[in-house]
Amino acid sequence: MNSDKQGYDPSSIEQKWQAIWEENKTFSPDLKNAKNPYYTLMMFPYPSAEGLHVGNMYAFTGADVHGRFMRMKGKDVFEPIGLDGFGIHSENYALKVGKHPVEQAKVSEKNFYRQLRATGNAYDWTRILETYDPDYYRWTQWLFVQMFKKGLAYRKKAQVNWCPSDKTVLADEQVIDGRCERDGSIVEKKDLEQWFFKITEYADALLNGLSQIDWPEKIKIAQRNWIGKKVGINIKYKVEGHEEIIEVFTTRPDTNFGATFIALAPENPLALKLAAGENKKDVERYINVFKKSTDQERKEEGREKTGFFTGAYAINDLTGYKMPIWVSDFVLMEFGTGAVVGVPGHDRRDFEFAQEFGLEVIRVVVGKDGDSSPIKTVEQVQEEEGKMVNSDFLNGMDVHEATEKIMDYMEGKGYGKREANYHLRDWLISRQRYWGPPIPMIYCSNCAEKGKGEREDMPGWHSVPEDQLPVLLPDVEDWRPQGEGTSPLANHPEFYETKCPSCGSEAKRETDVSDTFLDSSWYYLRYLSIQKDPAFAKASAGEGKKYEKSTEFRSDLMPYDIEIVKKWCPAKIYIGGAEHSVLHLLYVRFVAMVLHDLNSSLALPFQEPFPKFFAHGLIVKDGAKMSKSRGNVVIPDKYIEKFGADTVRLYLMFLGQFSDGGDFRDTGIEGMFRFVRRIWNLFENKKFEQVSPETLRMINKTVKEVTRDIEDFSYNTAIAKLMEFYNFISEESNSWSGETAVSYLKLFAPFAPHVTEEIWEKMQTVYGLQSTAKKAVVGSQKAVSVHFQPWPTFEEKYLVQDQVLIPIQINGKRRGEIVVGSEKSEVRSWIEEKAKEAVRNHLEGKEVRKVVYVQGKIINFVV
RNA sequence: GCCGGAGUGGUGAAACGGUAUACACGCAGCGUUCAGAACGCUGUAUCCGAAAGGGUGUGGAGGUUCGAUUCCUCUCUCCGGCACCA
C-alpha cells in the first residue's frame with residue numbers, strides 16, 4: 001500500500017463543511033411542506049459548568065447518527081438543539097464563578113453553541129432556543145397561566161422539602177434519600193405556602209399511558225413505582241368515648257381480624273385531640289421532637305420504632321377488640337389517611353412496633369411453610385400468600401379471595417369504602433430563587449377581602465393577562481438566594497408592585513420563579529414554532545403590518561404553531577438519559593396531557609408526546625458520573641482539535657452499545673484516527689476497476705449488516721463492519737468499482753459526516769463520478785451533499801457464497817471442518833460422508849448414533 | 001428489603017440455540033529507516049507440546065438440548081432505581 005500520510009487534514013475539512021452546511025441551511029427542513037416529517041429529538045443540555053463534556057457529545061452523536069440515517073432513508077429529518085439554561089444548575093454555577101447569571105448565560109451560550117457546532121451534528125441552526133430567552137419563557141409563563149385557569153395550579157401551605165444550601169424548596173422528585181438531588185445536602189422540612197401543580201389528577205392517565213408507549217421497561221417500571229397506585233379500602237373506626245372517627249387506609253383488609261392497634265402520624269391532628277391526662281404531655285413532647293427532626297433522621301435504616309400511647313381506644317367492628325391508639329413517626333402523614341391499623345402478625349413494621357411496646361400479636365394467615373403457631377419472631381411474620389385462620393367467615397380462604405370478601409362485607413356494613421392511593425404527590429413548582437421565569441401571578445388583597453378572585457377557590461389571585469406576558473425577569477444586583485423562604489425578587493418593589501388586573505387597586509406580584517423542569521416540559525413544541533425571519537422580527541416590533549393581515553402563525557402571539565405541531569408531533573423518537581425517568585420524563589408527559597385537554601385551538605392532538613424513547617448509556621470517568629466536584633469532567637475540545645470531530649464521533653460510538661455507555665478513556669482514539677485516515681487514503685489511492693464477485697458479495701453484506709446495526713442502535717458493530725470492509729478492500733488483490741465506493745461512503749457518512757462530505761465532493765469533481773451523485777435541493781440553496789443521497793440497498797442474490805465452510809462437531813465439540821460448494825451443501829448424504837472422512841480419526845472405534853445436519857451451517861455426530 | 005441490568009482474553013467489546021472471543025486497543029516479532037516517528041506485515045484466551053496435535057475454557061452449581069455465552073432453577077459479585085407507602 002501507498003504510505004501517503006499527509007493528505008488528511010480534519011480541521012480544515014470540518015470547518016469548511018460546518019460553514020457550508022450552516023450557510024446553506026442544509027439541515028433546516030421546510031417544516032410546512034415536508035413530505036416525510038421525521039422529528040428526532042434529543043434532550044437538550046443544561047449549559048452550566050465548563051462546557052459540553054464527552055458524555056453529552058456521546059449522547060448527541062448517537063442521536064445524530066440516527067437522524068442522518070433516517071434522512072438518507074428519505075425522511076425529512078428535523079433535529080433541533082437548544083439550551084436548558086434557566087434554573088438552579090446554571091445559577092449555582094454562576095454563584096460558584098461569581099458571575100451574574102445573565103452574564104454567565106451569555107458566556108455559556110457562546111461556548112456551548114461553539115462546541116455543538118464543532119461536533120458536526122446536523123442541527124437546524126435556524127431554530128435554536130434558550131429557556132432563559134424572554135421569547136421562550138413568556139410561553140412557559142403562559143403555560144403556568146393555563147394550569148391556573150384549569151384549576152391545576154394552586155397554593156397550599158405544606159411541610160415542604162427545603163434545601164439549605166440551594167436555599168429553595170424542592171419537588172419530591174428532586175429529593176434522593178433525604179438529600180438534595182443536586183448538591184447532596186440534607187433536606188429540611190419547612191412550613192411554607194407554595195404553588196403546586198395537580199399532577200395527581202393525571203395519575204391514572206400517566207399510569208395507563210405507559211402501556212401504550214415504546215419505552216425501555218426499566219423507565220416504565222420506575223414511573224409506575226413512582227406513581228405507586230395502591231388499591232385498598234379506607235376503614236372507619238369509632239373511638240371509645242370520643243366523637244372522632246379514625247380513618248385508615250389498608251391494602252390488606254383480609255388481615256383485619258388480627259388488628260390490635262392503631263398508629264397515627266405525628267402530624268395527624270387527631271393525635272393531640274385524643275390524648276388526655278398524663279399521656280397528653282408525652283404525646284406533645286413526642287410531636288415536638290418529631291417536628292425538629294429531618295426526614296433523614298426519621299427514615300434512618302434499622303432505627304427502632306418510637307411512639308406514645310394516646311390513652312384512647314378504637315373499636316374493631318369485626319372483633320370488638322379495643323385497639324389502643326398510638327402516635328408514631330413510622331406513619332407518614334402524606335400517604336393514605338395519616339393513620340394505620342396495626343396487624344403485627346402480618347406486617348413487619350407493625351410487628352416491630354408491637355414488640356417494642358408489648359402489644360398483642362394475632363395470627364390470621366397460615367403461609368406455605370404451614371407454621372400456625374403464635375407469631376413470636378420477626379421471621380414468623382407472614383406477609384405472603386396463605387390461608388385465613390382465626391377470621392370468622394374468612395377462615396379457609398386464600399388471602400386474595402378474603403380481601404375481596406372482606407371489602408364487600410365492610411362496604412355493605414358501612415365500615416369502609418374502597419379507595420386507591422398514590423405515591424405520587426402534587427408537583428411543587430415554586431422556587432425561591434432568581435434564575436427562572438417569574439411565576440405570572442398577582443395577589444390583590446382588596447379582592448381577597450371581598451372573597452373575589454379569578455378562581456372562586458383562590459380569592460385575591462389573578463393570573464397576569466396573557467397579552468402582558470412575559471413578566472420579565474429584572475436584571476438585579478442582589479440576585480443571590482436569600483434563605484428566608486423568599487426569592488431575591490421579594491426585595492424589589494419596582495418588580496412586585498403592580499395593579500390588580502381585576503379591580504385596579506394596588507396589588508403584588510408573585511416573587512417566586514418556577515421550577516426548571518417546567519421550562520423543559522414543552523420545549524419540543526417551541527422548536528417547531530420558531531420564527532427568526534428578519535421581516536417577521538421587524539413586523540413584530542411594530543415596523544410593518546405585513547403579518548397582521550395574514551392568518552399565519554406568529555411566534556409572538558402564540559406559544560406554538562398548532563398546524564406544524566400536528567404535522568410533526570408526536571416526535572418519532574426521543575433520545576436521552578435514563579436518569580430523568582421520574583423527573584423530566586414524567587413532567588413532559590403530564591404537561592402534554594394538560595395541553596391535550598386545553599379547551600382551545602391549541603389543544604394537542606395527542607396525549608403522549610414521545611411514543612418512542614431510547615435511553616442512551618451514560619459515559620462515566622473512572623467509574624463515576626462526570627461532575628465538577630469529582631474533577632473528572634472530560635471536555636472533547638482538545639480531542640476534536642487534535643484528531644477531528646469525525647474521529648471522536650467514531651471513537652465514542654465504537655466504545656460499546658449506545659444503550660450501555662461506558663468508562664471514558666482516551667487509549668485507542670489514535671487508532672480510530674488512523675482508521676479515518678486510512679479511509680481517506682483508500683479513496684485517494686485505490687483505483688476504481690471492474691468489481692469482482694467477492695467484492696460484490698462483501699459490499700452487499702456490509703450494506704445489509706450496517707443498515708441493520710444502525711436501525712438497532714448497535715453503532716459499535718456497524719463501525720466494526722465498516723472496518724472489516726476496509727480490511728478486505730485494502731488488500732491489493734481485491735478490486736472495487738466507483739459504485740462500490742459510493743455505497744461504502746454512504747454507509748460511513750452518518751458516523752463521519754465531514755470526511756465523507758469532502759470525499760463525496762472530490763468524487764464528483766476529481767474522480768469524475770458526477771453521474772452517481774444526485775443533486776439535493778435544500779432550502780433556497782442547491783446543496784450537493786452526501787447526506788441527502790439515498791441509503792444504499794443490497795440484494796440477497798449477491799450474498800450467496802459459492803463455497804461454504806461447514807464445521808464438524810462430535811457430541812457438540814468442534815472437531816474439524818469441510819469446505820464444499822454451496823450447491824453441494826444441499827446433499828445431506830454426501831456431506832455426511834465427506835464430514836465423516838474429515839474427522840475419521842475422531843470416530844475410530846466409536847458408533848455414530850445420530851447425525852444432526854443443519855443445512856449449510858453445521859454437522860454434528862452423536863457417538 | 002423490593003425492582004431492574006450486567007458478569008466473556010491484558011483492555012473496550014462481538015456472537016437469529018449452531019466454528020466462543022468478530023472489530024479495535026495494547027503487547028511481541030518482522031519489514032521499511034542512518035535512527036526514531038509514521039506506515040505496513042505476522043502473531044496474540046489458557047494449559048501440555050519443539051511442532052503436528054490435544055486438554056480446558058463465557059462468575060459458580062445444576063438442568064433442558066444432538067449442540068447453551070444465549071433458555072430454565074439455584075447461587076455469588078458488581079452497577080443502577082425505589083424504599084417505615086400501611
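A, B, ... follow the sequence lines: proteins, then strands. Residue 1 opens every chain.
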*Give the C-alpha distance, both sets of side-chain angles, the deciding distance and a yes or no for salt bridge (charged side-chain N to carboxylate O under 4.0 Å, His left out) between Asp709(A) and Lys721(A).*
CA-CA 9 Å; Asp709(A) 286 350; Lys721(A) 300 208 172 114; 3.0 Å; yes
*Report the C-alpha distance between Trp427(A) and Phe517(A) in whole Å, list the side-chain angles of each, state the deciding distance to 0.1 Å, and finish with yes or no for ring-ring contact (aromatic ring centres under 6.0 Å, His included).*
CA-CA 10 Å; Trp427(A) 179 7; Phe517(A) 284 102; 7.6 Å; no
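- Within the nucleic acid shown, Val851(A) has no heavy atom closer than 4.0 Å to any nucleic acid atom.
- One atom, CG of Asp666(A), and another, P of rG26(B), lie 11 Å apart when rounded to the nearest Å.
- Salt-bridge annotation for Glu404(A) and Arg418(A): present, with a side-chain N of the basic residue lying under 4.0 Å from a carboxylate O of the acidic one.
- Put simply, NZ on Lys701(A) is 11 Å from C1' on rC23(B), counting in whole angstrom units.
- Residue Asn860(A) is in base contact, counting any heavy-atom pair closer than 4.0 Å across all strands shown.
- As judged by a 4.0 angstrom heavy-atom cut-off over every strand, His580(A) is placed among residues making no nucleic acid contact.
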*Which parts of nucleotides 5-15 of chain B does protein reach within less than 4.0 Å, heavy atoms only, written one letter per nucleotide 5' to 3' as B for base, S for sugar-phosphate only and - for none?*
------SBSS-
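- Nucleic acid contact for Val862(A): sugar-phosphate only, since backbone atoms but no base atoms lie under 4.0 Å from a heavy atom of the residue.
- Among the protein residues, Gln809(A) comes within range of the nucleic acid bases, having at least one heavy atom under 4.0 Å from a base atom.
- Under the side-chain contact (heavy atoms from CB on, under 4.5 Å) test applied with Ile227(A), the options Thr200(A), Leu207(A), Asp204(A) reduce to a single match, Leu207(A).
- Side-chain atoms of Asn234(A) never come within 3.5 Å of backbone atoms of Glu419(A) as a donor-acceptor pair (strictly under, hydrogens ignored).
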